[in-house]
J.: 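Please read through the structure below; I'll follow up with questions.
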Protein chains: 2
Amino acid sequence: MKTLSIKDIAVKAGVSITTVSFIINGKAKEKSISEAVIKKVEEIIKESGYKPNQIARSLRTGNSNIIGLIIEDISNSFFSRIARLIEDKAYKKGYKIIYSSTENDVEKAKDLINMFKSRKVDGYIISPTKGIEEDINALLADNKPVILFDRNLSDVETHYVGADHFKASYQSIESFIKDGKRKIALVTTDIDVEQIVERFDGYKKALIDHQITYSDELVLKIHFNQDETETIAEMKNLFLKKEIDAVLFATNYLAISGLKALKQLNKQIGDDFSVIAYDDHEVFELHTPSISAVQQPLEEIAETVIQLILNQLSSKAKAENQKVIIPAKLIER
Amino acid sequence: MKTLSIKDIAVKAGVSITTVSFIINGKAKEKSISEAVIKKVEEIIKESGYKPNQIARSLRTGNSNIIGLIIEDISNSFFSRIARLIEDKAYKKGYKIIYSSTENDVEKAKDLINMFKSRKVDGYIISPTKGIEEDINALLADNKPVILFDRNLSDVETHYVGADHFKASYQSIESFIKDGKRKIALVTTDIDVEQIVERFDGYKKALIDHQITYSDELVLKIHFNQDETETIAEMKNLFLKKEIDAVLFATNYLAISGLKALKQLNKQIGDDFSVIAYDDHEVFELHTPSISAVQQPLEEIAETVIQLILNQLSSKAKAENQKVIIPAKLIER
DNA sequence: TTGAGATAGTAAAACGTTTTATGTTTTCGG
DNA sequence: CCGAAAACATAAAACGTTTTACTATCTCAA
């Protein structure tokens, strides 16, 4: 069964292609097409089940009603939840999402941008890796809306939405200190992106502000993408060697690995050993004892992101760049 | 900066558009274009950074190198992991994925199929909801490859990949029985899809085969999409009223809610109260005590799915429909 | 009764490719 | 040195839309 084209509809209705197009695009009134014709055409469209070919449409108009979403890893619950929220909201406005994971690999990220570019996506939502500044700037030069989220790039002048990582981290450490902790460790990753750096800075600053000397020895940087068993081994090492009384994990997957390490060591979390995780996860609520976590307001982030991009898309005029920093909340459990 | 077209390249190289097109598509040899021309054109393409417009390409060729992935909910870790694996494998073969979540809503699912159809995706990977049989059959009639996964539709004749839900469920119950349990509950959902039904049937059959009478009272069907607090309330009810000594949860999110309910009730999991969850989740490994779970072989499912669809895509000939049932594994913890 | 504006509609170009059919030049065996 | 085949290259149609510019008819105020 050959799929229908606008031409088939036109022939069936005995009018021109142009007329059908106007009707489909709601320009019938404006172009003064008679009620009778409108009705007839609409009827034929309905009963024949004709759906415009979006590809042809895109080719002609240069836009696609698709938003490209580039994230680090869809299987990470932080991203998959954000993705779901963004998708939902976009869908309601008639936009579709194409997503892809970069796996924090610059080359793949560049590839993806090219991919999206040649598919003429209307806008980009990106949680960027370091090293794609140029590519993003090229998009901006090309006048495409780009919203960065989760992590900012200082060399890129565009909208950004993210949590206040520095403050959240600072407050977490402060809460440890209030509980009398002094030997506070940080487990983080070695990827060099802004939000990770901020979490680190918050940790450091909080210590110093409270007259605790910062020590490199209490900071464990896990190599990104390394095998989990090795990660766990390194953590065990940290937990055993030092008399640590508290640890902040800079990401949820690190915290999960950390909990596994503790379980293997049979080390109890309790009065003399506290942990806080960055980014909440169901594991933390259900864990015994339950684990405090820094909760990023996903809903709010998604909402802001989508708001910003839709604004951009509707008003061709380039709006003032906005940097929206949303406070994160420490859930004490 | 106007984006380059094939025409610009042709002009710059002093050859025809056709020639450039042949070179881009690797048909240069076959069409006997001279080495010299090939080289020159390739050079110009490289230095100018020209990328073919995929939209135009799609319009002309009728395919897009895009595979549509339709799942229930990307924020569910089962699906997000599968999605990640599928994306990965597809990417390596030069295919992109567009995904969307149905939220188990037939109307949205139909919408999505239409969406994808008008975007000319080359193939579909679908974890279907009930009620879209017709739409899928239409795709098949249109000669588009469709792979169903996770849940099958009996009224649709196409490839299917999924775990052996019946058996996994059966074995879970058997393992309870071996441990001396007799009052075994099932918490499931009320959505009427094959894999949920199979899990239910496995439960029932195992009981009967071991001379335990089946009782409706021990089966709790949670309304899909209902608020979690209500879900938890219903579960508490079940756990309190009856002297249940074991419970099988038919999905991972139900199990997570169940654990929350138990926590609120302060009811311990242990010798006199066992649970098994369907679909593994990090929560279960880290829970104290850790929770047994039925683990679906995600990697294998993703691999099989992608294999099947790529086969379909490369050999225009419609292959024999395959129903691949992959055993699930009960991880006893 | 005229002609200006409103009303109703359409032809054709353009978007950027791929591909078919065709044209020109070169090579080389006899 | 002829002519057929091989080598090299291209023009133009087609994919399915949107949109610009245009034609034709009708209405009604002056």
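FYI, side chains are in, hydrogens and waters are out, and symmetry mates aren't considered; it's all heavy atoms of this structure.
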J.: Looking at the side chain of B/Asn25, which of C/dT17, D/dT17, C/dT18 is the nearest nucleotide?
T.: C/dT18
J.: Just wondering, do B/Leu69 and B/Ile126 contact through their side chains at under 4.5 Å, heavy atoms?
T.: no
J.: Is it the case that the side chains of B/Thr19 and B/Ser16 hold a donor-acceptor pair, with the cut-off being a distance below 3.5 Å and no angle test?
T.: yes
J.: Do A/Glu194 and A/Ser154 have side-chain N/O donor and acceptor atoms under 3.5 Å apart?
T.: no
J.: Mind calculating the distance between NZ (A/Lys27) and P (C/dA8) to the nearest angstrom?
T.: 19 Å
J.: To the nearest Å, how far apart are A/Asn53 CG and D/dT18 P?
T.: 10 Å
J.: Starting from C1' on D/dA14, measure out to CG on A/Leu59 and report it in whole angstrom.
T.: 12 Å
J.: Have a look at B/Lys89 and tell me which of B/Ile309, B/Leu310, B/Ile306 forms a side chain to side chain contact (heavy atoms under 4.5 Å, CB included) with it.
T.: B/Ile306
J.: Over how many whole Å does the gap from A/Lys51 atom NZ to D/dG16 atom P extend?
T.: 17 Å
J.: Rounding to a whole Å, what distance do you find between A/Arg119:CZ and C/dG16:C1'?
T.: 14 Å
J.: Report which part of the nucleic acid B/Ser5 touches: base, sugar-phosphate, or nothing (heavy-atom distance under 4.0 Å, all strands).
T.: sugar-phosphate
J.: If you count heavy atoms of other groups shown closer than 6.0 angstrom to NZ of A/Lys39, is the number above 12?
T.: no
J.: Does OP1 or OP2 of C/dG16 have a side-chain N or O of B/Tyr50 closer than 4.0 Å?
T.: no
J.: I need a per-nucleotide contact map over nucleotides 4-13 of chain D, read 5' to 3'. Cutoff is protein heavy atoms under 4.0 Å; write B for the base, S for backbone only, - otherwise.
T.: ---SBSBBBB
J.: If I take atom CZ in residue B/Arg57 and atom C1' in nucleotide C/dC15, what distance separates them, rounded to the nearest angstrom?
T.: 16 Å
J.: Which whole-number value in Å describes the distance from B/Lys117 NZ to D/dG16 C1'?
T.: 17 Å
J.: Within the 3.5 Å criterion, strictly below it, is a donor on A/Ser48 or A/Lys12 matched to an acceptor on the partner's side chain?
T.: no
J.: Do NZ/NE/NH1/NH2 and the carboxylate oxygens of A/Glu103 and B/Arg84 come within less than 4.0 Å?
T.: yes
J.: Between atom CD1 in A/Ile55 and atom P in C/dA14, what is the gap in whole Å?
T.: 23 Å
